[in-house]
2 protein chains.
Amino acid sequence: MTDEATAFVPGHVTGFFSVHPADDPTEAGSRGAGLTLTDGVEVTVRPADETAVYLDDTSIEMPPVERVCSALGVSARVTATTDLPVGSGFGVSGAMALGTALTANAVFDAELSENELVTLAHGAEVQSGTGLGDVVAQARGGLPIRLEPGAPPAGTLDGIPARTRVEYLAFGELSTETVIGGDTDALSQAGTEALSRVVAEPTLPQFMYASRRFAREAGLLTERVRDTIVDVSEAGGEASMAMLGQTVFALESGLSDAGYDPAVCETHHAGASLVAGGRE
Amino acid sequence: MTDEATAFVPGHVTGFFSVHPADDPTEAGSRGAGLTLTDGVEVTVRPADETAVYLDDTSIEMPPVERVCSALGVSARVTATTDLPVGSGFGVSGAMALGTALTANAVFDAELSENELVTLAHGAEVQSGTGLGDVVAQARGGLPIRLEPGAPPAGTLDGIPARTRVEYLAFGELSTETVIGGDTDALSQAGTEALSRVVAEPTLPQFMYASRRFAREAGLLTERVRDTIVDVSEAGGEASMAMLGQTVFALESGLSDAGYDPAVCETHHAGASLVAGGRE
């Protein structure tokens, strides 16, 4: 057992998705595609008498993190820091669940494999209703295409071989729980069509086209998000909506060129991993 | 089409493996486990009238690279640079095949997915007889466990969740083609047992123990490699033999502590990816 361990988990914006429920939370999930980001979440775990979770120095309730600790049979102080906006479609809850699994495994010598830790974190996120596809995408890195829903070995992934600067602007929260807990038939139909397009042509332009079309067809666009995407397009750029948040993301300098003042990062070409500590 | 694209592919040392032939080269391969390394190969591709391959400014024959270009239907000037010793168990041929697939896809707008490019490079490497498991490991990064042989979707991988400094010392070449072209029954039996150990306990100490035991049981140790591993062990460190090369790799400062003057790098926590160029 070590004193503490730290992991970095990239942020993840989903461009489109379809919902796939299953009795086993490790087999439930989503299909879809997105971008992992160099802006992410750093998670540190230390042994503690009771599990407590902090995000940017504020004590919070984070059910997926609590579920991960409980599944590992450990009590820990989990502290996370991030520049990403919370509840805005960047996979912060998934990142915290996955980062906790990786670091707690190291601190408490749980001797699980990476796939087992991803499965644990994904299951915890699905059971908490906070996400369906971020964990497996964040474990992979790059520009993940989620071909089959769920954690390994059920879930399978591919990737778009590209890299790009990413700009984003968050206008406010959108509850993942409310959207994925409601009627998702139309959304999943649109998501399935978008996935077919990107599988047939796994390029960044096709991903952006499929994402915009999905956002429109799934009926998730707010007026402000739609207007911003149109502004970027009129300035010659490519933007779409992060699922699920009132967030616009754009390739290269799309939002800047349209006169906005966005946050700037890049696609991240590694999955989540330990950054320090960890006896192994 | 762009002028050129460059990819970085991590080096990969295999600690143990078993051989799994199949009629389809994308399904043939090896099971086993290893470490990907921050020392790797940078590959740049430019369109050319005829395919030509250069490694560190020297023109070479590299059948897996030529097969990748031919499968994509392109002619390219492929230039690679590396600090790794060639023919010594670091996966340089696999790295060149995978790096060529990633960069040629970008330069010639081939619109293949990452899994498709990995499959292409793995098949080219197997057909050339130059390797069985490096390409899929190098595409993944980290400390890959090859659970099922072959490229996606047949091949499946897991990982040991750890990171470490790695030291290595190469004493000379060992022909992959000769070893994997010969009788591999005893070797594969030892490799299967080693894999069971690491799957049951996916930690770095278990990986090193299983690797040393495999090297001994498979009868691949040369005297110089064996003596060096013993020296590291007597100095309190952990070392084993890179498959397939007359190469010793050690964790942390194992070789330095034993009085050697090794090359030093770290485990690499990302798979192969484009580093520059590439229109997408």
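These numbers were taken from a predicted model, which means no experiment stands behind them. Letters go in sequence order (proteins before strands), and every chain restarts at 1.
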Quiz item: What part of B/Leu143 lies closer than 4.5 angstrom to a heavy atom of chain A: side chain, backbone, both or neither?
Solution: neither
Quiz item: In terms of heavy-atom proximity below 4.5 Å to chain A, should B/Thr156 be classed as side chain, backbone, both, or neither?
Solution: neither
Practice problem: For the residue pair B/Glu42 and B/Thr6, confirm or rule out a side-chain donor-acceptor distance under 3.5 Å. | Solution: no
Quiz item: Top residue by heavy-atom pair count (under 4.5 Å) with chain B, among A/Leu102, A/Asp158, A/Leu251?
Solution: A/Asp158
Self-check item: Contact list for residues 27-39 of chain A, test salt bridge (Lys or Arg N to Asp or Glu O under 4.0 Å), sequence neighbours left out
Solution: A/Arg31-A/Glu148
Self-check item: Summary of salt bridge (Lys or Arg N to Asp or Glu O under 4.0 Å) pairs that have at least one residue in residues 203-214 of chain B, sequence neighbours excluded
Solution: B/Arg212-B/Glu238, B/Arg213-B/Glu217
Quiz prompt | Top contributor to chain B contacts, counting heavy-atom pairs under 4.5 Å, from A/Gly271, A/Pro152, A/Ser273, A/Ser113 | solution = A/Ser113
Quiz item: Hey, what do you get for CZ (A/Arg197) to CZ (A/Phe16), rounding to the nearest 0.5 Å?
Solution: 10.0 Å
Quiz prompt | Test of ring centre spacing under 6.0 Å for A/His269 and B/Phe8 | solution = no
Quiz item: Which atoms of B/Leu112 come close to chain A, meaning under 4.5 Å heavy atom to heavy atom: side chain ones, backbone ones, both, or neither?
Solution: backbone
Quiz item: B/Ala200, B/Gly141, B/Ala270: which one forms the most heavy-atom pairs within less than 4.5 Å of chain A?
Solution: B/Ala270
